[in-house]
> 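The following block contains the structure, expressed as structure tokens.
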Amino acid sequence: MPFPRASQALSRFTVLDLTRVRSGPTCVRQLADWGANVIKIDALLEDGGGEQPGGPRHGSDFQNLHRNKRAMTLNLKDPKGLEVFKRLAAKADVVVENFRPDVKAKLGIDYESLRQVNPRLVYGSISGFGQDGPYHKRPGFDQIAQGMGGLMSVTGAPGQGPMRVGIPVADLTAGLFCALGILTALLERDVSGEGQWVQTSLLQAQIFMLDFQASRWLMEKEVAKQAGNNHPTSIPTGVFKTSDGYINIATTGGRIWERCAQAIGAPELITNPDYATAPARSKNRDALNEAIGKLTEKKSTETWVKELNEAGVPCGPIYSIDQMFEDAQVKHLGIAQHVPNDENRHIQLVGQPVTLSRTPSKMAARPPEFGEQTEEVLTEFGFGKDEIADLRQRKVV
């Protein structure tokens, strides 16, 4: 049975989605939003009930993570359920899971088991700390990874202790990196004809996201510290008070700094020896920020954003989330998108931040109800009506 696709870009691929909570669904969302045939495997318990970690199914979080998919139920703890899953995997292109490393082996759905039935299978795994090593059995959570990955040590104001970032950045980036790895493996499969195991973890993803802060230590043995709203190396870059709120100003070099000083009406700062060079501005950042702040307080946020941008100085307002979605440029980009559905429910979600000219992504289908397409999916994979009825009777699906 045909079903709406979000794009044609990945429409030739079939993905079995065993993920839960956030990092795994973030990965699979990338594949679904680009048109892959994603089948979410809803865990069916032996009593016929469902196990659904990750918040209410109609809640905003679940809806945002699981659009553009179909769903079927399956009891993977039943030997017959394992047999069904292997039949699905034999025809699939991708399996994605974010169980703890030992769980999939106990269930018999690990990569080595599934590659025996489908050597072309690309198998994506996300864990907290890796598939092996001294911490591999620990449960992984975003905030733990933020702390162990160094992010909390460079976030927040100096002297106020470690601070978590306001989004689950380790979960999200691990999911995105896993999707990137899966797509890379699918491209390589076109050459070799073989699948492979794609692995990442919250800890690896978080360390990678430290980027230049990590390289400062690896190359120069410099331990980055908290800098609050200041940029660690480009001064002045930070938050400045206006007459009615706050703005961000970013200067990334001498020319932009000179433009900034001229635009705020303080050309004397350019020749002041305390601020004349990048090292001097960094050393005297607190005094420089105070001097700039006394001037920015004299005009409104809207005025400064206009004047500084016109002067070639990067500047922007600091929005709350509701204000952000009302911004003219955000509306123009169309990233807030409505999801069509026969129930006339209000479903508006965050769309993909990437545009393809010929095969763009769109919101094609609302997130599925629990096991909503079980019979439809099994039929597509070659299961007969009597066989499906038997599986239902035995509470395998």
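Throughout, numbering of the chain's residues begins at 1 and tracks the sequence.
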> Would you mind checking if K80 and E83 are paired as a salt bridge, meaning a charged N to carboxylate O distance below 4.0 Å?
yes
> Taking the side chain as every heavy atom from C-beta outward, state whether Q196 and R115 have any atom pair closer than 4.5 Å.
no
> Heavy-atom count check: over 12 atoms from other residues, nucleotides or ligands less than 6.0 Å from K221 NZ?
yes
> Which word best sums up how the rings of H338 and H346 line up, parallel for under 30°, tilted for 30 to 60°, or perpendicular for over 60°?
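The arrangement is perpendicular - the two ring planes meet at more than 60°.
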> Any chance you could measure L295, atom CG, to C260, atom SG, to the nearest 0.5 Å?
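Atom-to-atom, L295:CG and C260:SG are 9.5 Å apart.
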> Check whether any side-chain N or O of Q226 sits under 3.5 Å from a backbone N or O of T155 as a donor-acceptor pair, and report yes or no.
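Yes; judged by distance alone, with no hydrogens or angles, the pair exists.
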> For a 4.5 angstrom cut-off between non-hydrogen side-chain atoms, does D171 reach V21?
no
> Near R345 CZ, under 6.0 Å, is it more than 12 heavy atoms from other residues, nucleotides or ligands?
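Yes, enclosed.
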> Please check: side-chain N/O of D78 versus main-chain N/O of V396, any donor-acceptor pairing under 3.5 Å?
no
> Hydrophobic cluster membership, with links at side-chain heavy-atom distances under 4.5 Å among I/L/V/M/F/W/Y: are Y319 and F325 in one?
yes
> Are D142 and R22 close enough for a salt bridge, meaning some N to O gap below 4.0 Å?
no
> Going only through I, L, V, M, F, W and Y residues with side-chain contacts under 4.5 Å, is there a path from I347 to L65?
no
> A side-chain contact here means heavy atoms from C-beta on lying under 4.5 Å apart; do M152 and R164 qualify?
yes
> Looking only at side-chain N and O atoms, does R67 offer a donor or acceptor that is under 3.5 Å from a partner on Q337?
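The criterion, which ignores hydrogens and geometry beyond distance, is not satisfied for R67 and Q337.
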> Applying the side-chain contact (heavy atoms from CB on, under 4.5 Å) criterion to C178, which one of T26, V28, I126 satisfies it?
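Of the listed options, the one satisfying the test is I126.
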> Out of R70, R87, K91, which residue meets the salt bridge (Lys or Arg N to Asp or Glu O under 4.0 Å) rule with E380?
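Looking at R70, R87, K91, the match for E380 under the salt bridge (Lys or Arg N to Asp or Glu O under 4.0 Å) is R70.
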> Please tell me if the side chains of I144 and F129 come closer than 4.5 Å, counting only heavy atoms from C-beta onward.
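SC-SC contact between I144 and F129 confirmed.
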> Hey, what do you get for CG (L151) to CE (M209), rounding to the nearest 0.5 Å?
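Result: 8.5 Å between the selected atoms.
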> Using the side-chain contact (heavy atoms from CB on, under 4.5 Å) definition, which of the options D33, T355, V354 pairs with S361?
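Of all the options given, the one that passes is D33.
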> Distance-only, no hydrogens or angles: does the T19 side chain make a donor-acceptor pair with backbone N or O of N98 under 3.5 Å?
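Judged by distance alone, no pair lies under 3.5 Å.
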> Are L82 and V95 co-members of a hydrophobic cluster defined by side-chain heavy atoms under 4.5 Å apart?
yes
> Does any N or O in the side chain of S282 come within less than 3.5 Å of the main-chain N or O of P279, such that one atom is a donor and the other an acceptor?
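No, because the side chain of S282 does not come within donor-acceptor range (under 3.5 Å) of the backbone of P279.
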> Answer yes or no: is there an ion pair linking R12 with D93, defined by an N-O contact shorter than 4.0 Å?
no
> Salt bridge between R366 and E372, side-chain N to carboxylate O under 4.0 Å?
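Result for this pair is yes, salt bridge flagged.
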> Report yes or no: does T251 contribute a side-chain atom to a donor-acceptor pair with the main-chain N or O of T237 at less than 3.5 Å?
no
> Would you check if K299 and T242 make a side-chain contact, meaning some heavy-atom pair closer than 4.5 Å?
no
> Hey, is the main chain of I235 close enough, under 3.5 Å, to the side chain of R281 for a donor-acceptor pair?
yes
> Apply side-chain contact (heavy atoms from CB on, under 4.5 Å) to the pair I109 and E97, showing each step before the final yes or no.
CA-CA 10 Å; I109 57 171; E97 59 84 22; 5.9 Å; no
> Distance from L121 atom CG to L114 atom CG, nearest 0.5 Å?
6.0 Å
> Assess the residue pair V84 and F381 against the criterion (side-chain contact (heavy atoms from CB on, under 4.5 Å)); give the C-alpha distance rounded to whole Å, side-chain angles, the decisive distance to 0.1 Å, and a yes or no.
CA-CA 10 Å; V84 169; F381 276 81; over 6 Å; no
> Under 3.5 Å, side chain of N64 to main-chain N/O of S60, donor-acceptor pair present?
no
> Quick one, S7 with Q352, criterion side-chain contact (heavy atoms from CB on, under 4.5 Å). Give me CA distance, side-chain angles, the key distance, then yes/no.
CA-CA 11 Å; S7 173; Q352 281 292 319; over 6 Å; no
> Would you give the length of the straight line joining atom CD of Q206 to atom CG of L172, rounded to the nearest 0.5 angstrom?
10.5 Å
> Verify, without hydrogens or angle tests, whether N68 (side chain) and A365 (backbone) share a donor-acceptor contact under 3.5 angstrom.
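Indeed, once roles are kept as given, a pair shorter than 3.5 Å links the two residues.
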> Drop me the distance from K362's NZ to W34's CH2, to the nearest 0.5 angstrom.
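CH2 of W34 is found 12.5 Å from NZ of K362.
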> Applying the side-chain contact (heavy atoms from CB on, under 4.5 Å) test to F240, which of T301, I264, T296 qualifies?
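Considering T301, I264, T296, a side-chain contact (heavy atoms from CB on, under 4.5 Å) with F240 is found only for T296.
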> Given the rule that I, L, V, M, F, W and Y join up when any side-chain heavy atoms are under 4.5 Å apart, are V397 and F383 in one cluster?
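Per the 4.5 Å side-chain linkage, V397 and F383 are co-clustered.
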> Is it the case that one hydrophobic cluster holds both F99 and L202, taking links as side-chain heavy atoms less than 4.5 Å apart, direct or via other members?
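Unlinked, F99 and L202 end up in two clusters.
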> Is it the case that over 12 heavy atoms from other parts of the model lie below 6.0 angstrom from the CG atom of D132?
no
> State whether the number of non-hydrogen atoms from other residues, nucleotides or ligands found under 6.0 Å of D386 atom CG is greater than 12.
no
> Name the residue from N37, L16, L186 that meets the side-chain contact (heavy atoms from CB on, under 4.5 Å) definition with V94.
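Among the candidates, only L186 passes.
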> Does any part of the side chain of E290, heavy atoms only, come nearer than 4.5 Å to the side chain of D286, both counted from C-beta?
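No, their side chains stay 4.5 Å or more apart.
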> Under the salt bridge (charged side-chain N to carboxylate O under 4.0 Å, His left out) rule, collect the residues that match up with R216, sequence neighbours excluded.
E222
> When rounded to the nearest 0.5 angstrom, what is the spacing between CG in D327 and CE in M324?
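Interatomic distance, D327 CG to M324 CE, rounded to 0.5 Å: 9.0 Å.
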> Below 4.5 Å, heavy atoms only, C-beta onward: do L74 and F85 meet side chain to side chain?
yes
> Could K294 and E297 be called an ion pair, given the rule that one side-chain N must be under 4.0 Å from one carboxylate O?
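Between E297 and K294 there is no salt bridge, as every charged N stays at least 4.0 Å from the carboxylate O atoms.
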> Any donor and acceptor pair, going by atom type alone, linking the side chain of R5 with main-chain N or O of S11 inside 3.5 Å?
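Yes, R5 side chain to S11 backbone: donor-acceptor pair under 3.5 Å.
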> Count the heavy atoms of every other residue, nucleotide or ligand shown that sit under 6.0 Å from CD of E302, and state whether that count exceeds 12.
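Not more than 12 within 6.0 Å, no.
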> Check whether any side-chain N or O of N284 sits under 3.5 Å from a backbone N or O of D274 as a donor-acceptor pair, and report yes or no.
yes
> Look at atom NZ of K283 and say whether more than 12 heavy atoms of other residues, nucleotides or ligands are closer to it than 6.0 Å.
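Incorrect, the count does not exceed 12.
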> Do we see a donor-acceptor contact under 3.5 Å between the side chains of S300 and D244?
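There is no such pair (donor and acceptor under 3.5 Å, judged by atom type) between the side chains of S300 and D244.
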> Side chains of P101 and Q131: does their closest heavy-atom pair fall under 4.5 Å?
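A side-chain contact exists here, since the closest heavy-atom pair is under 4.5 Å.
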> Identify the two heavy atoms, one from M363 and one from P340, that lie closest to each other, and give their separation to 0.1 Å.
O-CD, 3.2 Å
